[in-house]
J.: 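Just passing along the structure, written as structure tokens.
Sequence lines set the chain letters: A, B, ... in the order given, protein chains first and strands last, and positions in each chain run from 1. Fair warning: this is a prediction, and the values are worked out from it, not measured in the lab.
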2 protein chains.
Amino acid sequence: MEDQEIRKAGLKVTVPRVKILELLEKSPERHVSAEDVYKMLLAAGEDIGLATVYRVLTQFEAAGLVEKHHFEDGYSVFELNTGKHHDHIICVTCGRVEEFVDETIEKRQRIIAEELGFQISEHELVIYGKCLDKNCDCKKKGD
Amino acid sequence: MEDQEIRKAGLKVTVPRVKILELLEKSPERHVSAEDVYKMLLAAGEDIGLATVYRVLTQFEAAGLVEKHHFEDGYSVFELNTGKHHDHIICVTCGRVEEFVDETIEKRQRIIAEELGFQISEHELVIYGKCLDKNCDCKKKGD
DNA sequence: AAAGTGAATGCAAAAGCTTCTCATCTATTG
DNA sequence: CAATAGATGAGAAGCTTTTGCATTCACTTT
Ligand SMILES: [Mn+2]
Ligand SMILES: [Mn+2]
Ligand SMILES: [Zn+2]
Ligand SMILES: [Zn+2]
């Protein structure tokens, strides 16, 4: 299943690549760091080096299988590329990440780029805030 | 002149702090990395350590005198805080940075945060593209 | 099915950016 | 001008990410 995607990317179908892609597809958390992936693999009993995780994620990104983001923390996070662009809003308290798309914002960006004489290649919009959800983990002080 | 701003921030008025603030005010490039600041100081004959540059910039940020951004390059850039929020569009070819504000985008963000149950603390929007300006440095192949 | 070949892997080392430690120095106050 | 809390520079250390290299592996060819 994943095999075809990997092959299509011009990469050999190896255990690390299959496991990493599976993990990205099945992980409960869509947005994971290389370290996260590495630890999850370890926990799952896989013996895959951190360098390989970085290499594979980078190759997957180049192949368009995953996307890399820089949420202001000092490290990168990866997520499966769904083919549909979206932006992010992150809770600075609990780290929860929600995704959204707003066509008005997207359109305004195209207009702005046009006005300023730029040909857009991509953009990154991240909103930071506190989630007000009373059921969120970050509200449960004593559990 | 800068002295008052530094004092107001609760910091002692020292040579490194004054020089760094002056540099940020006078630099032709608004968006500079810590390394940039360090090298410009060196070039100006000032003997200020890189660690001090980082410390001072961090303190200035905490005091609201400067802002820090993470344009996807792996390092941080700083700029004088004008008090007016703005976003950025960057040429991936020449690195030129333009600033813009779009009230429609700002408003939509507030609505989205509201809908998703977040209380916004800040946001960062960066558009990447190629500048089409024929007079831009990145178009002058043979000069 | 076995061999051959280039690609992929794991580990350790190194790189790049940023922060920390600590001995020395300095701005500020009285 | 002495006293003192705070600031500095140099280098060590910290973190994330990349790289070098010997070994292993996937895929093709016999
Ligand atoms: Mn996402
Ligand atoms: Mn700016
Ligand atoms: Zn968007
Ligand atoms: Zn904005």
J.: Quick one: which of D:dT8, C:dT18, D:dT17 gets closest to the side chain of A:Leu50?
T.: D:dT17
J.: Closest approach to the side chain of A:Lys12, judged atom by atom: which nucleotide of C:dC11, D:dC27, C:dT21 is it?
T.: D:dC27
J.: Between D:dT17, C:dT28, C:dT9, which one does the side chain of A:Ser76 approach most closely?
T.: D:dT17
J.: Nearest whole angstrom, please: distance from the P of D:dG6 to the CZ of B:Arg55.
T.: 15 Å
J.: Would you mind telling me which of D:dC27, D:dT19, D:dG11 lies closest to the side-chain atoms of B:Ala51?
T.: D:dG11
J.: Would one find a side-chain N or O of B:Arg7 under 4.0 angstrom from OP1 or OP2 of C:dT28?
T.: yes
J.: Report which part of the nucleic acid B:Tyr75 touches: base, sugar-phosphate, or nothing (heavy-atom distance under 4.0 Å, all strands).
T.: sugar-phosphate
J.: For the pair made of CD1 in A:Ile6 and P in C:dA7, what is the distance, rounded to whole Å?
T.: 18 Å
J.: Once you round it to whole Å, what is the distance between P of D:dG9 and CD of B:Glu46?
T.: 10 Å
J.: Which of the following nucleotides, D:dT17, D:dT18, C:dA8, is nearest to the side chain of A:Thr14?
T.: C:dA8
J.: Are B:Thr58 and C:dT18 close enough that a side-chain N or O sits under 4.0 Å from OP1 or OP2?
T.: no
J.: With heavy atoms under 4.0 Å as the rule, sort B:Arg17 into base, sugar-phosphate or nothing.
T.: sugar-phosphate
